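Being a predicted model, the structure only gives us computed values, none of them experimental. In what follows, every chain begins at residue 1, and chains take the letters A, B, ... in the order their sequences are listed.
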2 protein chains.
Amino acid sequence: MTAPAHPNRPRRSDATRAAILRAARERFAADGYERATIRAIAADARIDPSMVMRYYGSKEGLFAAAAEFDLRLPDLTAVPPGQFGEVLIRHFLARWEGDETLAALLRAASTNPGAAERMRGLFADQLVAAVSTFGTDPATTARRAGLVASQVLGLAFTRYIVRLPPMVDVDPEELVSWVAPTLQRYLTGLPEN
Amino acid sequence: MTAPAHPNRPRRSDATRAAILRAARERFAADGYERATIRAIAADARIDPSMVMRYYGSKEGLFAAAAEFDLRLPDLTAVPPGQFGEVLIRHFLARWEGDETLAALLRAASTNPGAAERMRGLFADQLVAAVSTFGTDPATTARRAGLVASQVLGLAFTRYIVRLPPMVDVDPEELVSWVAPTLQRYLTGLPEN
DNA sequence: ACCGTAGGCCAACAACTGTTGACACACAAC
DNA sequence: GTTGTGTGTCAACAGTTGTTGGCCTACGGT
């Protein structure tokens with residue numbers, strides 16, 4: 001057990017824990033869940049593999065800690081309704097480039113049931129919530145959020161995972177100008193227009 | 001060596017080869033590349049694991065054979081320019097539901113470099129080729145094809161891999177009516193309209 | 001009827017995996 | 001200084017993986 005008498009006193013091992021988490025995110029993002037071995041992660045963090053087990057219990061526990069993620073979606077009630085799409089795609093691009101946690105989660109979700117479940121939860125708890133803040137028909141909210149997810153995740157998949165050359169090379173600003181109208185229509189438009 | 005004297009004579013083992021391939025596609029589609037073990041595939045095909053090695057050389061060779069895929073994209077020169085988007089999304093949906101090979105390739109591409117390379121090739125050889133048949137500026141062809149791929153693969157990812165409930169439950173016809181305009185704009189429109 | 005060979009199974013290998021327990025050191029409290 | 005606890009290493013475990021070679025069987029051409 002690692003339960004100090006004074007619960008909030010900084011532990012001497014905090015640096016090690018952080019190093020493990022950083023290495024884990026890198027490896028999970030680069031290799032996916034099953035190819036990212038505990039031994040490799042421990043080597044990156046320059047500690048013994050058994051430390052990973054002591055601090056995170058198991059490989060699944062480590063992944064759960066490493067894939068903790070907050071989309072930090074902006075409050076759409078403070079955004080002009082005509083700019084929902086642009087604000088969202090800009091936010092996603094920035095969030096994605098700056099933090100490899102989402103890439104790790106995306107890669108792992110393809111093959112690991114637990115990671116897929118976590119991805120569904122992230123979608124249901126955060127994206128659906130953000131979409132439902134402004135007044136659309138509640139009956140269509142989930143579907144609109146799903147469509148947004150399909151375009152945003154597809155963008156991430158082609159750009160960061162499979163790395164299709166045209167999607168890797170394209171200027172982010174041009175990406176925004178192409179994708180923003182798509183998200184805008186998914187959020188506020190009607191089908192078949 | 002399995003080189004018969006009369007090269008095109010049907011081999012007695014053709015049924016076994018086909019059974020292996022079918023089981024391999026199922027397992028790769030359901031579990032991804034690393035979780036799909038040769039032993040499990042062989043058990044599904046009711047043969048010994050060593051047979052897989054004899055007929056396909058290695059796990060990578062088996063995957064290469066199982067992930068052989070032709071998108072069978074329609075000839076867009078025979079389609080009214082205003083219906084490119086609708087024709088494409090209908091075709092993709094049908095192709096996806098009827099054959100799990102693409103799901104196998106998609107899942108594997110997340111974690112296996114070879115599968116990702118194959119996905120890039122499929123994109124470059126087949127989708128870019130189809131897009132360039134009609135007269136858009138050649139300089140933008142690859143980008144337009146990339147955007148189409150991002151939406152189509154994102155749809156597949158959310159619907160068949162992660163299985164986001166709203167994307168799984170949505171009626172295919174409604175999916176068409178939402179996504180067709182997106183693809184249409186990626187193919188023939190201008191950004192920021 | 002004979003015999004080469006393709007089809008198939010079995011057992012084992014070496015490498016790698018997540019995971020565990022025993023042991024050594026260092027620091028802080030008393 | 002002693003003691004206890006948190007931090008870290010080492011070696012080994014049991015299971016699984018891709019892969020290999022030997023052996024038996026049964027078909028098909030002659």
Side-chain angles (χ1 to χ4, degrees), chain A residues 1-24 27-28 30-67 108 111-115, chain B residues 1-24 27-28 30-67 108 111-115:
Chain A
M1 269 328 114
T2 312
H6 305 279
N8 284 356
R9 189 203 350 219
R11 284 163 300 196
R12 202 165 13 119
S13 61
D14 282 348
T16 303
R17 296 176 125 89
I20 293 176
L21 226 48
R22 181 156 22 95
R27 284 282 178 178
F28 282 134
D31 300 338
Y33 184 81
E34 19 275 330
R35 291 172 99 96
T37 69
I38 290 195
R39 281 173 164 86
I41 292 169
D44 288 356
R46 297 176 195 283
I47 44 95
D48 191 87
S50 62
M51 300 301 291
V52 177
M53 305 303 296
R54 179 161 349 182
Y55 289 142
Y56 295 98
S58 67
K59 188 181 182 179
E60 283 215 26
L62 173 62
F63 180 79
T111 52
N112 187 266
Chain B
M1 266 326 119
T2 311
H6 306 277
N8 284 354
R9 185 196 3 209
R11 282 162 300 196
R12 200 166 16 121
S13 61
D14 282 347
T16 302
R17 297 176 123 92
I20 294 175
L21 226 48
R22 182 157 20 97
R27 284 282 178 178
F28 282 134
D31 300 338
Y33 185 82
E34 18 274 330
R35 291 173 101 96
T37 69
I38 289 195
R39 281 173 164 86
I41 292 169
D44 288 356
R46 298 175 195 285
I47 46 94
D48 190 87
S50 61
M51 301 301 291
V52 178
M53 305 303 297
R54 185 178 315 193
Y55 290 143
Y56 296 98
S58 67
K59 188 180 183 180
E60 283 215 26
L62 173 63
F63 179 79
T111 51
N112 186 266

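- Set against D:dT7, C:dG18, C:dC10, the side chain of A:R54 has D:dT7 as its closest nucleotide.
- Checking the phosphate oxygens (OP1, OP2) of C:dG8, a side-chain nitrogen or oxygen of B:T16 falls inside 4.0 Å.
- Residue contacts shown for B:S58 are limited to sugar-phosphate atoms, with no base heavy atom under 4.0 Å away.
- B:S50 meets the side-chain hydrogen bond (donor to acceptor under 3.5 Å, both in side chains) test with B:D48; sequence neighbours excluded.
- Straight-line distance from the CD atom of A:E34 to the C1' atom of D:dT17: 13 Å, rounded to whole Å.
- Under the 30°/60° scheme for interplanar angles, the aromatic rings of B:F28 and B:Y33 are found to lie parallel.
- Considering only the side chain of B:M53, D:dT20 comes nearest among C:dC9, D:dT20, C:dT19.
- Between B:D48 atom CG and D:dC23 atom P there is a gap of 16 Å when expressed in whole angstrom units.
- In summary, the side chains of A:E34 and A:T111 do present a donor paired with an acceptor at a separation below 3.5 Å, with no hydrogens or angles considered.
- Between A:L62 atom CG and C:dT17 atom P there is a gap of 15 Å when expressed in whole angstrom units.
- Residue B:Y55 has no polar side-chain atom (N or O) positioned under 4.0 Å from OP1 or OP2 of C:dA6.
- What separates CE of A:M51 from P of C:dG21 is a distance of 16 Å, to the nearest Å.
- Taking every side-chain heavy atom of B:I47 into account, C:dC9 is the closest of C:dC9, C:dT19, D:dG18.
- Few gaps surround CZ on A:R35; more than 12 heavy atoms of other groups in view lie less than 6.0 Å from it.
- Put simply, the side chain of A:T37 and the base of C:dC16 share no donor and acceptor less than 3.5 Å apart.
- Following rounding to the nearest Å, A:K59 (NZ) and D:dT16 (C1') show an atom-to-atom distance of 13 Å.
- Relative to the side chain of B:R39, the nucleotides D:dT17, C:dG8, C:dC10 differ in distance, and D:dT17 lies closest.
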